[in-house]
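Inspection log for the structure reproduced underneath, given as structure tokens.
Note on naming: letters A, B, ... go to the chains in the order of the sequence lines (proteins, then strands), and numbering restarts at 1 for each one. Note that the structure is a prediction, hence the values are computed from the model and not measured.
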Amino acid sequence: MTSFLIGLFLATLITALFTMRLYRLILWYSLNSLSLALLAITIGYNIDDNTMIISGIFTLILKAMLIPYILKRVSLKFGLSRQISPNVAVHYSIILIPALLVFTFYLAEPITNMIASNTNFVAISISALFLSLLLMIEHKNIAPKIIGFLMIENALFLLETTATSGMPMLIELGIFLDLLMVIVIINLLFKQEEEVA
Amino acid sequence: MIYLLVLPAVIMLILSFWSVNRSKYILPITSLLILFPSIKLFFLPKPYSIWGDYLVADDLSAYIMLVSSVVAIGVTLAVSTLGLHVKISDASYSRFYRFFAIFWIGLTLSIMANNMGIYWIGLETATLSTVYMIKTNSTPLAKKEAWNYMIVGAIGISLILFGIILIYASAKPILGEEAMIFSSLLEHAKEIKSPFLFEIGFAITSLGMFIKMGFFPMNLWLANIERASFYPVAALFSGILESAVIIGFFRFSKIAVAINPLHVFLFVFIYTVLTIFIVSFLIYRAKDFMRLFSLSGVEHMAIIALFWASGGVFAALLHFGAHAFLKPALFLSTGILESKGKYKIAGALKGYSGIKGKAFYFLTTLFLLAIISLPPSPMFFSELYGFGAMVEIAKKHQHLLLMIGAIVTLLVLLSIIFYKFVEVYQSMKYEGKEEARVVYGNEVLALVIFALSLVLLMTPWSFEFLRAVS
């Protein structure tokens with residue numbers, strides 16, 4: 001089950017890199033977060049860690065439902081461009097993404113040897129980090145950059161879930177709170193731009 | 001204690017919903033309240049628990065807290081006349097205070113944090129609130145730079161979290177959840193079973209911090225942002241935000257040094273020398289005050305990191321304190337120097353009359369000359385001690401000649417910066433036309449506070465305290 005979910009996590013991220021429509025990108029982000037939340041709940045259930053299960057539930061509510069909903073509302077309210085063509089052409093991305101994945105697995109090898117459990121997951125989370133950075137770099141529009149940043153957060157959550165079996169609850173809550181603040185700031189930035197216009 | 005530390009910021013947050021015309025005169029007074037808990041921290045037995053293991057005061061955090069508090073007071077004082085120098089609406093003014101308050105709370109958490117997670121949460125909160133402070137300037141450039149800050153700042157902060165997770169993963173097998181606590185990590189550093197994992201985590205965390213401080217290869221992003229935003233934002237960046245970032249570097253590197261001092265030194269040495277090399281030429285080409293001071297800030301933070309990694313803790317802390325007082329003072333002066341036309345360096349120091357004008361002229365000159373380490377500036381002494389520490393570390397590892405070569409290179413680069421600042425000062429004083437300029441009392445008072453703080457930093461009591469920290 002965990003292998004399937006992690007595969008789904010990576011697949012949604014890779015698909016997001018090829019997406020050219022904003023709402024579809026928000027959907028991929030939501031699915032990416034959903035697979036992450038289910039993964040955290042599954043791992044938490046397997047190792048009997050209530051903190052991780054709670055984090056998973058928070059991820060489900062916040063990242064898979066609330067944030068995509070707010071992002072869609074913001075994009076509708078402020079009339080953001082729905083066409084988001086990446087700067088990197090698709091045929092180059094097809095070569096670049098697997099190369100990045102292989103490179104990350106090679107790069108993460110010494111680290112994964114030191115972590116007792118879920119070794120491949122650590123490599124996948126690091127590659128997810130690089131792929132999210134690619135998502136931020138390959139777009140000129142601000143909305144995909146924001147989603148790229150949110151996907152970095154997902155990659156980091158995956159890393160902490162797999163490499164450390166979860167952080168202390170207070171820290172997890174703080175990170176979620178900061179994520180909410182990101183959304184508030186984004187909303188405010190767009191709002192003020194509208195006021196100035 | 002935690003309530004007292006955040007009280008002025010909370011008052012600012014509440015008053016930001018009130019009429020800005022009244023609150024901007026009250027806030028400089030309420031900001032003084034921060035001095036009481038900041039000074040009290042010095043007299044408490046250390047380590048002093050403020051909030052369990054999460055927030056703990058030690059000598060280092062007490063020192064950085066006091067320095068940041070003085071900067072916050074000075075900036076709050078100068079912000080009250082921001083509207084007289086730049087065009088800002090009342091709503092933007094209120095929002096500026098609102099996010100300044102959140103920024104202040106975030107950084108108080110970061111500075112006092114004894115937990116890596118709390119440190120990160122504080123820093124993230126401060127980073128996000130800064131985005132909006134940049135945006136209070138309604139120009140298209142500020143809009144672009146606010147988004148840039150959001151994106152680059154987020155990458156920097158994500159790298160810090162990435163490194164923290166790896167550090168936590170390396171120490172969790174022996175410490176459990178205590179692996180998040182700086183003091184526990186330091187105590188058990190030698191027992192960590194996978195030091196390589198810790199070092200990778202440290203390198204990535206440092207990289208995130210270096211991005212936030214504008215080190216190589218992200219040398220220009222801070223300068224561009226500070227250019228685009230109102231001048232108090234730049235003062236807050238250099239005086240408080242960078243203090244919170246550097247205390248994180250101090251804490252992480254202290255643990256890394258306990259594992260392998262040579263690795264830390266080489267990593268920081270190569271990174272900082274490369275940064276200073278590039279920044280010195282960028283400073284040479286700077287054409288306005290804001291970029292000049294901003295890039296000079298990057299250079300000084302690189303020097304502080306280098307001294308710290310070389311074991312020159314006293315030099316690093318002295319340099320840090322001096323920079324934290326001098327740079328906000330210069331940024332606040334910039335707001336006044338540029339109010340009669342941006343980018344105009346020639347004759348910028350001419351036309352100040354009356355007691356306030358003369359005091360402003362004198363203090364700005366003093367700060368400009370102090371920042372380039374002219375004696376008796378604290379920076380002069382910190383550099384002497386810092387280079388001494390570098391020679392000592394080279395002697396230990398038997399590569400003295402190489403280190404002397406590196407120090408000479410650094411001195412050549414610093415002399416380029418010195419030359420640029422002297423040229424700027426001469427242009428400000430002797431070139432250009434004389435125009436009548438206005439300085440307000442609270443701005444001069446803010447500069448006087450910074451000057452007095454610098455004098456206090458040079459007292460034997462301060463030196464003794466800083467030596468005790470090391």
Quick one: pull up CZ in A:Phe9 and CD1 in A:Ile124 and give me the separation to the nearest 0.5 Å.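 Interatomic distance, A:Phe9 CZ to A:Ile124 CD1, rounded to 0.5 Å: 9.0 Å.
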How long is the gap from CD1 on A:Ile137 to CD1 on B:Ile155, to the nearest 0.5 Å?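 These two atoms lie 6.5 Å from each other.
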Please check this pair: side chain of B:Trp104 against backbone of B:Ile240, looking for a donor-acceptor N/O pair closer than 3.5 Å.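 Not a single qualifying donor-acceptor pair exists.
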Side-chain donor or acceptor of B:Tyr93 paired with backbone N/O of B:Leu82 under 3.5 Å: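 Here the side-chain-to-backbone pair exists.
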What part of B:Ser129 lies closer than 4.5 angstrom to a heavy atom of chain A: side chain, backbone, both or neither?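 For B:Ser129, heavy atoms of backbone and side chain both lie under 4.5 Å from chain A.
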Proximal component of B:Met150, with respect to chain A [non-hydrogen, under 4.5 Å]: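 Only the side chain of B:Met150 comes within 4.5 Å of chain A.
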Quick one: of B:Ser170, B:Gly122, B:Ser158, who has the most non-hydrogen atom pairs under 4.5 Å with chain A?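 Heavy-atom pair counts peak at B:Ser158.
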Is the B:Phe237-B:Tyr149 ring centre distance short of 6.0 angstrom?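 Under 6.0 Å, so yes.
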Does any part of the side chain of A:Leu10, heavy atoms only, come nearer than 4.5 Å to the side chain of A:Leu131, both counted from C-beta?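 Touching, per the 4.5 Å side-chain cut-off.
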Are there residues of residues 198-207 of chain B whose heavy atoms fall under 4.5 Å of chain A's heavy atoms? If so, which?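 At a heavy-atom separation under 4.5 Å, chain A is reached by B:Ile200.
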Taking the six-membered ring of A:Phe157 (Phe, Tyr or Trp), confirm whether the NZ or CZ of A:Lys63 is under 6.0 Å from its centre and within 45° of its axis.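 Verdict for A:Phe157: a cation-pi partner in A:Lys63.
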Under 4.5 Å heavy-atom distance to chain B, tell me which part of A:Ile142 shows up: side chain, backbone, both or neither.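 For A:Ile142, side-chain heavy atoms alone lie under 4.5 Å from chain B.
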With a 4.5 angstrom heavy-atom cut-off, which part of A:Leu156 approaches chain B: side chain, backbone, both or neither?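 Contact with chain B involves both backbone and side-chain atoms of A:Leu156.
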Would you list the pairs meeting side-chain hydrogen bond (donor to acceptor under 3.5 Å, both in side chains) in which at least one residue belongs to residues 172-187 of chain B, sequence neighbours left out?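 Qualifying pairs, neighbours excluded: B:Asn114-B:Ser183, B:Glu178-B:Ser184.
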